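In what follows, a structure is listed as structure tokens, so that the remarks can point back to it.
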2 protein chains.
Amino acid sequence: MAQKPSIPKGTRDFLPEVMVRRNYIFDTIKTVFKRFGFQPIETPSMENLSTLLGKYGDEGDKLLFRVLNSGETYLPIDVILDNFEDILDELKKGLIESRIVKDIKENGEYVFYDDGYTPKIEQFIREQIFEIIPKYQEKGLRYDLTVPFARFVTMYREQITFPFKRYQIQPVWRADRPQKGRYREFCQCDVDIIGSDSLLNEAELVQIVDEVFNALKIKVTLKINNRKVLAGIAEYIGKPDALVDITVAIDKLDKIGIEAVNAELAEKGLEQAAIDKLQPILFMKGDTREKLAQLKPLLDNEIGQKGIEELEILFDYIDNMELGITTELDLTLARGLNYYTGAIFEVKANDFPMGSISGGGRYDNLTGIFGLPNVSGVGISFGADRIYDVLEGLNLFPETMSESTKVIFLNFGKNEEKYCLKYLNQVRKHGINAEIYPDAAKIQKQMKYANQRAIPIVVIAGEQEVAEQKFTVKFMKEGTQTVVEANKLVETII
Amino acid sequence: MAQKPSIPKGTRDFLPEVMVRRNYIFDTIKTVFKRFGFQPIETPSMENLSTLLGKYGDEGDKLLFRVLNSGETYLPIDVILDNFEDILDELKKGLIESRIVKDIKENGEYVFYDDGYTPKIEQFIREQIFEIIPKYQEKGLRYDLTVPFARFVTMYREQITFPFKRYQIQPVWRADRPQKGRYREFCQCDVDIIGSDSLLNEAELVQIVDEVFNALKIKVTLKINNRKVLAGIAEYIGKPDALVDITVAIDKLDKIGIEAVNAELAEKGLEQAAIDKLQPILFMKGDTREKLAQLKPLLDNEIGQKGIEELEILFDYIDNMELGITTELDLTLARGLNYYTGAIFEVKANDFPMGSISGGGRYDNLTGIFGLPNVSGVGISFGADRIYDVLEGLNLFPETMSESTKVIFLNFGKNEEKYCLKYLNQVRKHGINAEIYPDAAKIQKQMKYANQRAIPIVVIAGEQEVAEQKFTVKFMKEGTQTVVEANKLVETII
């Protein structure tokens, strides 16, 4: 019986039509990254669990896909059972000596009751398993590109030229509950500069966002905030220690509304006075410069002032750029990730309902966990899957992709095939993607193939064309055809 | 304490210099694949274990990396222990009733001996584990691209246009013992045509091999054989059932020599007469056509004749091609994989000691295991890692790669930076990969950065250049420099 094939839940196969479109996105992003002087790196799909664990919070730890060690197909039960046999013998002896024998000798009968040994055996097995399992499960699949990048920078700090401008486009895996738009394997496109705290880096990332989305023809808004301003706000409302609670709550303003946000803040222990003091900031009116001007006198604390200064410098850069995208200060933008320490970015499509399609920020101590402290970096990540959905939803994919086959020669039999092969070769040498139908199948079948593959040009050479050293060229989209001399074929189809 | 970062044994990080070179290989291969009308697909990194198990032999099964189900961090010991508690109670009762009580009642004493219960408990746990574990380990990492491709073709047979010409470039994972040149994660580049038994497909693969290695400037020899000829030979020496043993043995001729091959054949049960009859074929003299001519009268069986005919047609195609590579019939070429049924290919570098750097063949029933019988295909796989080693060993990587940054602007301070940014933008708009040093660091430091990154052109604008609207342009390799008007910058560096 043949098995019915399937793939794991939350994973995807990509058919050619989808691949060509995905490659269009990746190629666009990569071209921009390179244009700005970023260099590619790649890291292994599997990282040591010790590298991954504890970096994404408890929730993240649970979402790691763990990989069994090489060649291990199950737990080393023989090891456990060897140990188990000894203790079982001992327990049996103890059990029997202490109770049964005594009972029978004294009363001629024994009472069987829960004697505490079963839990003891359970505990033993449990301990064994907890001790032994980790030794057989040392690897996990990459959860994001950020932690591996921090590990990479720390490991190769001697070989890397700082400031290090790298991009990385690779899949990541999360054992999340699969749902529409959320996959267990998906691709991240990350670009980071590490080892420089110049705000010019932030400005370059803004330009990268601009170039990518202009090239893809998606109208977007880039929202910008600064974690130091958020810290300044927390201090201003008298709750400097509640920064994380405040950012987590106000980050949801878009989704859950102000009442729910305030309720969450109250629940987290913010007094009504603090919550009241926060409201004018959340609903501050005006454009970016006006907001900064209102904020400046309010945040009379060092960190808040530093954050405002950083934003002013960044927006000075932006004012000098000719951007196709919209940029704006959004004081409610927080992004969950606690490692951000300066700028925060988030990109949304203007004309399509969709979460953020790109986001990032500055972090000051990402490599610290691996032993390389005080290295500041800033980066941004593009969500290829969501960008795909936006392009599809807005019908923005280009009609013809350079990836696809442009020309197909039909196959009329051995003699015609030989004639075609010579010219097929010429066509390919001119850099045109071209193929020949491999069998002299019915012409209808061959034309159907050309149609389904959406190949725009069909080249035909039957007996007559061969005799006359010509080709019939059909332009499929236009519905036209022409007969040309064989040696004019390339210029006809180029 | 910061943890010292490392990566799993047998896996690799790729630094930018290596990535750029790897991308050169992948891009070259991809360009050729597309030129010949092949379309990209991708499959998930994780496949269901049921898709993978049993497809690569017992050895292969052991080399699969198994992935625990979503969120599972260890075995479901609670499930096992719940079951265990019941049986333990029962066993204790049985043990006590049947032996101890009887012993004491009859003799006033009891004898404690191995009563068979411990093994019974062991067996129980073992069964539980064997029953339960597979439910928590349902996925494995892709071992190659062939089996996932067969699964893919079967699943999407209604959506695919046949003959289906696909290429796939993705990593695969094998829990092999890591050693030089053998990794646990490595990339395969596969190209296959499925759904056509025309030998023109084999001919196109030969051309693809030619184009790829010509583009990479590696001199190679493409060895060709045919599994039907091998079957014909097995029949000719009177051992049709020993085809697999014969192919496995003679495949090693290069490595272990004729005596060891003959010894292995004898060990597998081949009589001396059969071995003797095989020798002239293994050491047949002459070029491809001469060998085919000698073989034709020898192999007086249907399958052998069919194989010779296929080879003749393929070499007819080859004779009509202008190939840069060498092709030859190699009757000792067998390749281990049992699914081949027709042509077999293997590519070796002429000037560098290295195993095969590419290989493939025709298979007639790969999708049969998934329920789609009688679909013939032919394909070839390029070994990117080995090709990398050959290119490096022969010093064949191009000196400049289009991936890298071509121009860097030095940073002399805010005013100069602003001046530079305008022209940096222009340079990028002309498709030139360019960057600016993000800080006004010491010029020495900036020049060191440019040097280490091997950026060929350094653009300098100090106070004077800004005042005169000029740039100083340094050509690093040539060691020359020139001062140009700002508006001539692009044409100077393009």
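Just so it is clear, the structure is predicted and the values come from calculations on it, not from any experiment. In what follows, chains carry the letters A, B, and so on, assigned in the order in which the sequence lines appear, proteins first and then strands, with residues in each chain numbered from 1.
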Quick one: closest heavy-atom pair of B/Ser198 and A/Pro438, and the distance? OG-O, 2.6 Å
Where on A/Phe36 is there a heavy atom nearer than 4.5 Å to chain B: the side chain, the backbone, both, or neither? both
Please determine, among B/Met46, B/Arg174, B/Lys9, the option with the most heavy-atom pairs under 4.5 Å with chain A. B/Met46
Any salt bridge linking A/Arg428 with B/Glu204? Criterion: basic side-chain nitrogen under 4.0 Å from a carboxylate oxygen. yes
Would you name the heavy atoms of A/Leu15 and B/Gln159 that are closest together and state the gap between them? CD1-NE2, 3.8 Å
Provide the closest heavy-atom pair for B/Thr405 versus A/Gly37 in the form atom of the first, atom of the second, distance. OG1-CA, 3.1 Å
Quick one: does B/Asn48's side chain have a donor or acceptor within less than 3.5 Å of a partner on A/Ser6's backbone? yes
Counting only heavy atoms closer than 4.5 Å, note whether B/Glu417 contacts chain A via side chain, backbone, both or neither. side chain
If one checks every heavy atom of A/Tyr449 against chain B at 4.5 Å, the contacting part turns out to be both
The interface call for B/Leu424 against chain A, heavy-atom contacts under 4.5 Å, is side chain
Chain B heavy atoms under 4.5 Å from A/Tyr183: which part of the residue, side chain, backbone, both or neither? neither
Heavy-atom pairs under 4.5 Å with chain A: which of B/Arg35, B/Glu435, B/Gln39 has the most? B/Arg35
Portion of A/Lys418 that has a non-hydrogen atom of chain B nearer than 4.5 angstrom: side chain
Check salt bridge (Lys or Arg N to Asp or Glu O under 4.0 Å) between B/Arg151 and all other residues, then give those that pass, not counting sequence neighbours. A/Asp13, B/Glu47
Could you check A/Lys406 against B/Lys34 for side-chain contact (heavy atoms from CB on, under 4.5 Å), going step by step and ending with a plain yes or no? CA-CA 10 Å; A/Lys406 191 177 174 190; B/Lys34 285 188 265 184; over 6 Å; no
Find the distance between NZ (B/Lys139) and CZ (A/Arg184) and round it off to the nearest 0.5 Å. 5.5 Å
Select one option (side chain, backbone, both, neither) describing which atoms of A/Leu49 are under 4.5 Å from chain B's heavy atoms. neither
Does the pair A/Thr43 and B/Thr11 meet the rule for a side-chain contact (heavy atoms from CB on, under 4.5 Å), with working shown? CA-CA 9 Å; A/Thr43 61; B/Thr11 69; over 6 Å; no
Of the listed residues (A/Arg166, A/Arg22, A/Lys165), which shares the most heavy-atom pairs with chain B below a 4.5 Å separation? A/Lys165
I'd like to verify something: which residue of A/Leu141, A/Val18, A/Val32, A/Asp197 has the highest number of heavy-atom pairs under 4.5 Å with chain B? A/Leu141
Taking side chain as C-beta onward, heavy atoms only, is B/Lys422 less than 4.5 Å from A/Glu322? no
Which bit of B/Leu200 is near chain A, if near means a heavy-atom gap under 4.5 Å: side chain, backbone, both or neither? side chain
When the 4.5 angstrom heavy-atom criterion is applied to A/Ile432 and chain B, the contacting part is backbone
Measure distances from B/Tyr156 to the heavy atoms of chain A and classify the residue's part below 4.5 Å as side chain, backbone, both or neither. side chain
Can you list the residues that meet the salt bridge (Lys or Arg N to Asp or Glu O under 4.0 Å) rule with A/Glu42, with sequence neighbours excluded? none
Check each atom of B/Leu421 against the heavy atoms of chain A and say whether the ones under 4.5 Å are side chain, backbone, both or neither. side chain
A/Phe162 portion near chain B, given a 4.5 angstrom heavy-atom threshold: backbone
Do B/Gln207 and A/Asn425 have side chains that approach each other closer than 4.5 Å (heavy atoms only, starting at C-beta)? yes
Taking all heavy atoms of A/Pro40 and all of B/Asn23, pick out the closest pair and write down the distance. CG-ND2, 4.0 Å
Validation row: B/Phe152, A/Pro5 side chains within 4.5 angstrom (heavy atoms): no
Do A/Phe164 and B/Pro16 make a side-chain contact, defined as non-hydrogen atoms from C-beta onward lying under 4.5 Å apart? yes
